Amino acid sequence: MILNRHMLLHAAPIIDMLPEKVYHNGFSYGLTECGYDIRIAQDVTLFLGRRFVLASAMEEFNMPSNLMGRVLNKSTWARLGLDASKTTNIEPGWKGYLTLELTYSGVLPLRIKAGTGIAQVIFETLSVPTSYVGKYMNQENKPVGAKLF
């Protein structure tokens, strides 16, 4: 089951969740009707030849053991050629700052300012609670590259 805004406020999978949608730099962030729009923490520029970049979300996650999150594109960014959905899932029980994997299919440079809404997270309940155990637990407040064993 996908959680709506009222259930998300109660579950609080993000520390200091905003209870409403806010606009900054022409993009929204905060609580939506059925998800939460997260912000990018760094200024980034994507252009031809540099179509992939790691950034991080400004929001700190503290996922309950009965929830998982799916990172989806915001439609305005998708229409400009930006894909933020490569980040995929946020595991139940995971804590930390989300690293965003951004890909770009456009030709003209695309600049994104820190604090801008970048992606939407939809939260779903699990039938049986579980907890993430892995190398990305308590991820720092910065982009984190792949950690090989």
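We use all heavy atoms of the structure for the numbers below, so side chains are in, but hydrogens, waters and symmetry mates are not. Residue indices begin at 1 and follow the sequence shown. For clarity, every value in this text was computed on a predicted model and none was experimentally measured.
Looking at heavy atoms from C-beta onward, Leu80 lies out of side-chain contact with Leu82 at the 4.5 angstrom threshold. No side-chain heavy atom of Ile90 sits less than 4.5 Å from a side-chain heavy atom of Tyr132. No side-chain heavy atom of Met58 sits under 4.5 Å from any side-chain heavy atom of Ile38. Inter-residue side-chain proximity for Lys86 and Phe52 is flagged as unmet; no heavy-atom pair is nearer than 4.5 Å. A 4.5 Å side-chain heavy-atom check between Glu124 and Arg70 finds at least one atom pair inside the cut-off. Put simply, the side chain of Leu100 reaches to within 4.5 Å of the side chain of Ile118, judged on heavy atoms. A heavy-atom distance below 4.5 Å is found between the side chains of Met63 and Phe123. Annotation: side chain of Val71 is not in contact with side chain of Ile122 (no heavy-atom distance under 4.5 Å).
Looking at every heavy atom in both residues, Leu31 comes nearest to Leu18 through CB-O, 3.2 Å. Across every non-hydrogen atom of Thr116 and His24, the tightest pair is N-CD2, 4.2 Å. Summarising the geometry of Glu59 relative to Tyr36, their closest heavy-atom pair is CG-CE2, 4.0 Å, with the distance given to 0.1 Å. Shortest non-hydrogen contact noted between Ala11 and Leu3 is CB-CD2, 4.1 Å. Shortest non-hydrogen contact noted between Asn141 and Ala57 is OD1-O, 4.2 Å. For the pair Met68 and Pro92, the tightest heavy-atom approach, listed with the atom from each and the gap, is CB-CD, 4.1 Å.
Legend: residues meeting ring-ring contact (aromatic ring centres under 6.0 Å, His included) with Tyr97, ordered by chain and number and at least two apart, are absent. Remark: Ala114 engages Asp43 in a side chain to side chain contact (heavy atoms under 4.5 Å, CB included) (not counting sequence neighbours).
Under the 4.5 Å side-chain contact rule for hydrophobic residues, Ile14 and Leu126 do not share a cluster. Taken together through direct or relayed side-chain contacts under 4.5 Å among Ile, Leu, Val, Met, Phe, Trp and Tyr, Val44 and Leu48 form parts of separate hydrophobic clusters. Leu72 and Ile2 fall within the same hydrophobic cluster, where Ile, Leu, Val, Met, Phe, Trp and Tyr residues are linked whenever their side-chain heavy atoms come under 4.5 Å apart, directly or through other members. Cluster membership check: Leu8 shares its hydrophobic cluster with Met1, using side-chain heavy-atom separations under 4.5 Å among Ile, Leu, Val, Met, Phe, Trp and Tyr. Hydrophobic clustering places Val121 together with Val144 (ILVMFWY residues linked when any side-chain heavy atoms are closer than 4.5 Å, directly or through intermediates).
Judged by distance alone, the side chain of Tyr136 and the main-chain N or O of Lys95 form no donor-acceptor pair under 3.5 Å. Judged by distance alone, with hydrogens and angles left aside, the side-chain atoms of Asn73 form a donor-acceptor pair with the main-chain N or O of Ala84 at under 3.5 Å. At distances below 3.5 Å, at least one donor-acceptor pair connects side-chain atoms of Thr87 with backbone N or O atoms of Glu101. Of the possible donor and acceptor atoms, none in the side chain of Asn89 sits under 3.5 Å from a partner among the backbone N and O of Glu91.
For Asp16, the CG atom counts as loosely surrounded, since its 6.0 Å shell holds 12 or fewer non-hydrogen atoms of other residues, nucleotides or ligands.
Atom CZ of Arg5 is separated from atom CE of Met17 by 9.0 Å, given to the nearest 0.5 angstrom. For the atom pair Ser56 OG and Gln42 CD, the distance stands at 3.5 Å (nearest 0.5 Å). Here Leu108 contributes atom CG and Leu46 contributes atom CG; the two are 12.5 Å apart, rounded to the nearest 0.5 Å. For the atom pair CD1 (Ile112) and CG (Asn25), the distance works out to 10.5 Å, reported to the nearest 0.5 Å. Put simply, CZ on Phe61 and CG on Leu98 are 5.5 Å apart, with the number rounded to the nearest 0.5 Å. Once rounded to the nearest 0.5 Å, the distance linking CG of Asn4 with NE2 of His10 reads 12.0 Å.
Of the options Glu20, Gln120, Lys74, Lys21, a side chain to side chain donor-acceptor pair (under 3.5 Å) to Ser28 is made by Lys74 and by none of the others.
Ring pair Trp77/Phe27 is parallel by interplanar angle, where below 30° counts as parallel and above 60° as perpendicular.
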